[in-house]
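Computation of the quantities below employed the complete heavy-atom set of this structure, encompassing side-chain atoms and omitting hydrogens, waters and symmetry-equivalent molecules. Predicted, not measured: the structure shown is a model, and the values here were computed from it.
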Amino acid sequence: MKGFRVFLCILAVVLGIVTSGMGETSKILLTFGAPPSSSAVYSYWVAIAKAIQTVYPEFQITVTECQGAMDITKRVRSGLVPVGNSMSNTDYENYNGLGPFEGKAFKDLRIIWYFDITPQQWVVAQDANIKTIYDLSGKKFNPGGTGTAAVVITRQVFELLGVKPDYFEASQKDAAEAFVNRQIIGVTKSGPAPDSFVLQLAVSIPIAILGLSDDELKRVNEKYPYLIPYTIPAETYKGVGTVKTVAVMMGAQTTSKLPQEVGYKMIKAVCEGGKSIWAAAYPSAAKLNPLELTLKSKVPLHAGTVQYLKELGHNVPPELVPPEYKDVK
């Protein structure tokens with residue numbers, strides 16, 4: 001009997017649930033994989049944890065700092081973290097075994113929700129005489145923080161369009177220092193506009209942001225349908241005009257192993273009782289409808305998300321309903 005109880009405890013920890021007593025659920029222990037603390041998205045995840053715990057006190061959530069979407073995705077794939085920040089492009093490639101996951105499709109991937117649209121921002125010094133992305137060829141340029149989706153997107157777009165920078169691989173912190181010290185010509189940041197990281201750079205050096213033409217946007221979208229056209233309005237950053245670029249959705253990823261009830265409680269807390277908490281920490285996402293974004297997913301949703309969407313009367317496309325989903329009456 002003792003050995004059986006030990007087995008149940010181990011299984012519960014793996015699933016993110018710790019039980020005590022006869023079938024009584026005492027605590028739901030989860031770890032959230034978040035982007036670097038220098039990103040505003042880190043604050044979002046801290047606030048999300050607080051929001052869920054406020055609505056459902058049985059949750060105990062730890063937020064751990066990771067390098068970026070690629071790093072978080074690898075941790076979710078390996079089971080190191082049960083829930084993590086994600087980017088829709090990485091989600092698509094991860095699920096289908098494309099790009100950096102070539103031949104290694106991860107069909108257990110599930111999306112709990114999407115919450116923001118994040119444009120690709122190619123930042124250069126205003127006085128660097130860099131007018132288009134093609135001027136970056138041969139110049140030292142950071143494609144994004146090590147392990148972030150920004151790196152993958154930058155390389156995909158630039159390779160497609162024939163742009164060949166001398167890539168400076170570094171963490172966001174090291175890239176920022178190199179940019180401010182004029183060791184590199186520019187940096188990439190994938191995030192909401194305005195982005196706190198970009199704003200910090202602009203304090204030290206007047207910046208410009210490079211964009212794409214309508215024809216270039218069309219070519220990129222045809223090759224990579226998950227990269228959607230996006231316009232950063234003029235004066236989002238002081239002195240910077242309108243910029244056309246590509247964007248992806250940012251969300252919460254998990255696996256089929258996360259119980260349906262747990263995912264249901266999470267998204268319900270995010271959309272209802274806990275919204276005021278995270279909206280204060282990350283106001284840009286508060287302007288968007290997370291359920292509308294979530295229904296645009298290119299990979300299956302978590303069973304708990306499907307339950308919540310159907311409860312609200314949404315029509316969930318069959319391809320987004322995972323096989324483990326169970327109707328709740």
Side-chain angles (χ1 to χ4, degrees), residues 35-36 38-39 41 66-74 85-94 98-102 118-126 128 130-193 195-202 205 207-212 216-217 219-221 223-224 226-228 230 232 237 240 243-250:
S38 60
S39 168
V41 185
C66 305
Q67 285 297 317
M70 283 296 296
D71 179 35
I72 297 170
T73 295
K74 291 176 181 177
N85 191 72
S86 76
M87 308 290 276
S88 56
N89 64 308
T90 307
D91 298 335
Y92 182 85
E93 293 180 331
N94 181 25
L98 303 173
F101 306 101
E102 185 69 40
T118 60
Q120 195 81 344
Q121 300 171 66
W122 296 302
V123 184
V124 295
Q126 202 174 85
I130 302 293
K131 304 301 181 183
T132 73
I133 58 172
Y134 300 99
D135 296 329
L136 295 174
S137 290
K139 308 288 198 311
K140 283 193 174 297
F141 182 79
N142 171 248
T146 304
T148 65
V151 176
V152 177
I153 298 171
T154 295
R155 288 182 174 275
Q156 287 176 333
V157 173
F158 285 7
E159 181 179 349
L160 176 65
L161 300 178
V163 181
K164 300 179 180 179
D166 179 4
Y167 286 121
F168 177 82
E169 304 286 356
S171 66
Q172 287 184 357
K173 180 181 178 181
D174 290 343
E177 290 179 359
F179 177 71
V180 171
N181 295 329
R182 302 289 182 147
Q183 295 173 302
I184 59 177
I185 204 72
V187 299
T188 303
K189 183 63 171 68
S190 181
D195 184 273
S196 59
F197 177 80
V198 179
L199 288 170
Q200 289 173 14
L201 296 179
I205 299 176
I207 65 167
I209 298 181
L210 305 177
L212 301 175
E216 290 162 349
L217 286 170
R219 289 175 60 190
V220 170
N221 185 246
K223 176 71 173 180
Y224 304 108
Y226 47 79
L227 296 180
I228 58 178
Y230 186 90
I232 301 174
Y237 301 102
V240 177
V243 178
K244 293 182 178 181
T245 184
V246 291
V248 295
M249 296 188 296
M250 189 156 46

Task: Straight-line distance of Tyr237 OH to Ile207 CD1, nearest 0.5 Å - done: 6.5 Å

TODO: State, with a plain yes or no, whether a side-chain heavy atom of Leu227 is found less than 4.5 Å away from one of Val248.
DONE: yes

Task: Approximate separation, where rounding is to 0.5 Å, of Met87 CE and Ile72 CD1 - done: 10.0 Å

TODO: Report yes if the side chains of Val41 and Met250 come closer than 4.5 Å at any heavy-atom pair, otherwise no.
DONE: yes

- [ ] Kindly write out the residues that satisfy salt bridge (Lys or Arg N to Asp or Glu O under 4.0 Å) with Glu169, not counting sequence neighbours, or none if the list is empty.
- [x] Arg155

- [ ] Taking all non-hydrogen atoms of both residues into account, name the closest pair between Pro143 and Thr154 and its distance.
- [x] O-OG1, 3.2 Å

TODO: Identify the two heavy atoms, one from Ser190 and one from Ala150, that lie closest to each other, and give their separation to 0.1 Å.
DONE: CB-CB, 3.8 Å

TODO: Kindly say whether Gly191 contributes a backbone atom to a donor-acceptor pair with the side chain of Thr118 at under 3.5 angstrom?
DONE: no

TODO: List in chain and number order the residues that pass salt bridge (Lys or Arg N to Asp or Glu O under 4.0 Å) with Lys244, two or more places apart in sequence or in another chain; answer none if no residue qualifies.
DONE: Asp214

TODO: Search all heavy atoms of Thr73 against all heavy atoms of Thr90 and return the closest pair with its distance.
DONE: OG1-CG2, 3.5 Å

TODO: Please tell me if the side chains of Lys189 and Leu201 come closer than 4.5 Å, counting only heavy atoms from C-beta onward.
DONE: no

Open item on the list: Between Glu159 and Lys223, is there a side-chain heavy-atom distance shorter than 4.5 Å?
Closed with: no

TODO: Starting at CD1 of Ile228, measure out to OG of Ser88 and round the result to the nearest 0.5 Å.
DONE: 7.0 Å

Task: Short side-chain to backbone donor-acceptor contact, Asn221 and Leu217, under 3.5 Å - done: no

Task: Where Pro119 and Ala247 come nearest, the two heavy atoms and their spacing - done: CA-CB, 3.6 Å

Task: Nearest atoms (heavy-atom pairs only) where Asp174 meets Phe168 - done: O-CE2, 4.4 Å

TODO: Working to the nearest 0.5 Å, report the span between CG of Leu161 and CD1 of Ile133.
DONE: 5.0 Å

Open item on the list: With heavy-atom distances below 4.5 Å as the criterion, would you say the side chains of Thr188 and Val151 are in contact?
Closed with: no

TODO: Answer yes or no: is there a side-chain heavy-atom contact under 4.5 Å between Lys140 and Asp166?
DONE: yes

TODO: Output the distance between atom CD (Glu93) and atom CE (Met70), rounded to the nearest 0.5 Å.
DONE: 8.0 Å

Task: Whether Thr146 side chain and Ala170 backbone form a donor-acceptor pair below 3.5 Å - done: yes

TODO: Describe, in one word, how the ring planes of Tyr167 and Phe158 are oriented to each other, choosing from parallel (under 30°), tilted (30 to 60°) and perpendicular (over 60°).
DONE: parallel

Open item on the list: So Trp122 and Leu212, do their side chains get closer than 4.5 Å, heavy atoms only?
Closed with: yes

Open item on the list: Testing the 3.5 Å rule here: is there a donor-acceptor pair between the side chains of Gln121 and Thr245?
Closed with: no

Open item on the list: Once rounded to the nearest 0.5 Å, what's the spacing between atom OG1 of Thr132 and atom CD of Glu216?
Closed with: 7.5 Å

TODO: Taking all non-hydrogen atoms of both residues into account, name the closest pair between Ala125 and Ile205 and its distance.
DONE: CB-CG2, 3.9 Å

TODO: Please tell me if the side chains of Val124 and Asp135 come closer than 4.5 Å, counting only heavy atoms from C-beta onward.
DONE: no

TODO: Verify the neighbour count for atom CD of Gln183: are there more than 12 heavy atoms of other residues, nucleotides or ligands below 6.0 Å?
DONE: yes

